[in-house]
Amino acid sequence: MDTDVIRARRLYGRLIDADADPGAGGVVLDVVSDERADEVSRRLAELFAERPGVDAVVLRVNGHPIGASTRARVVAAAGFAGATPEFGMADRAALPGLSGQYRLVRFACARPGCRAREARSFYDERTVPVCAAAGHGVMELLR
């Protein structure tokens, strides 16, 4: 697998919906391998706004599909809890104190001697991180 594709899956992981059917809409968005995730998110939001009937878009880097993004995933990645953002939703003004709900989930390469590690804010068995070293495969969850 191309290292740009692996890197892109990490960069744009919050935009990729593992449950989406990549061939459903037939719409493709070509992404440059070093394009910022917020820029890709903005481009997806514009595409969904221009095409109200489209619910899934395939993200492609260097001609390789990296996954499909959905309208719901793009809205969630923008930080909105619902379909219609309201004043004050993102500033946390109504939430006193620190959140105790989150902790980092850590992963490490399973190959002996490889020191590759990664941390995520969530864990989903369908989107386990992959080691960037060629041929090392998926990382294992550290407990």
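The model shown is predicted, which means the values in this text are computed figures rather than measured ones.
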Nearest heavy-atom neighbours spanning [X] and [Y]:
| X | Y | answer |
| --- | --- | --- |
| Met139 | Ala116 | CE-CB, 3.8 Å |
| Val58 | Pro65 | CG1-CB, 3.9 Å |
| His136 | Cys114 | ND1-SG, 3.5 Å |

Seminar exercise, completed: Across all chains, not counting sequence neighbours, the salt bridge (charged side-chain N to carboxylate O under 4.0 Å, His left out) partners of Arg36 are Asp38
Seminar exercise, completed: For Arg51, the salt bridge (charged side-chain N to carboxylate O under 4.0 Å, His left out) test, sequence neighbours excluded, returns none
Exercise. Just wondering, do Phe122 and Val105 contact through their side chains at under 4.5 Å, heavy atoms?
Worked result: no
Exercise. In terms of hydrophobic clustering (I, L, V, M, F, W, Y; side-chain heavy atoms under 4.5 Å; direct or indirect links), are Leu141 and Val128 co-clustered?
Worked result: yes
Gap separating the [atom1] atom of [X] from the [atom2] atom of [Y], nearest 0.5 angstrom:
| X | Y | atom1 | atom2 | answer |
| --- | --- | --- | --- | --- |
| Arg71 | Leu47 | CZ | CG | 9.0 Å |
| Ile16 | Ile66 | CD1 | CD1 | 4.0 Å |
| Ser69 | Leu59 | OG | CG | 5.5 Å |
| Arg60 | Asp30 | CZ | CG | 4.0 Å |

Exercise. Do the charged groups of Arg43 and Glu46 touch, with an N to O distance under 4.0 Å?
Worked result: no
For this session: Go through the steps to decide whether Leu142 and Arg117 satisfy the test side-chain contact (heavy atoms from CB on, under 4.5 Å), and finish with yes or no.
Result: CA-CA 10 Å; Leu142 297 176; Arg117 300 210 184 275; 3.6 Å; yes
For this session: With sequence neighbours excluded, give me every side-chain hydrogen bond (donor to acceptor under 3.5 Å, both in side chains) pair touching residues 126-135.
Result: Asp19-Arg126, Asp124-Arg126
Exercise. Tell me, which pairs form a side-chain hydrogen bond (donor to acceptor under 3.5 Å, both in side chains) where one or both residues lie in residues 104-115, sequence neighbours left out?
Worked result: none
Exercise. Which residues satisfy the side chain to side chain contact (heavy atoms under 4.5 Å, CB included) test with Ala37, sequence neighbours excluded?
Worked result: Tyr12, Arg14
For this session: Could I get the full list of ring-ring contact (aromatic ring centres under 6.0 Å, His included) partners for Phe107, not counting sequence neighbours?
Result: Tyr123
Problem set entry | Backbone N/O of Pro129 and side chain of Arg10: donor-acceptor pair under 3.5 Å | no
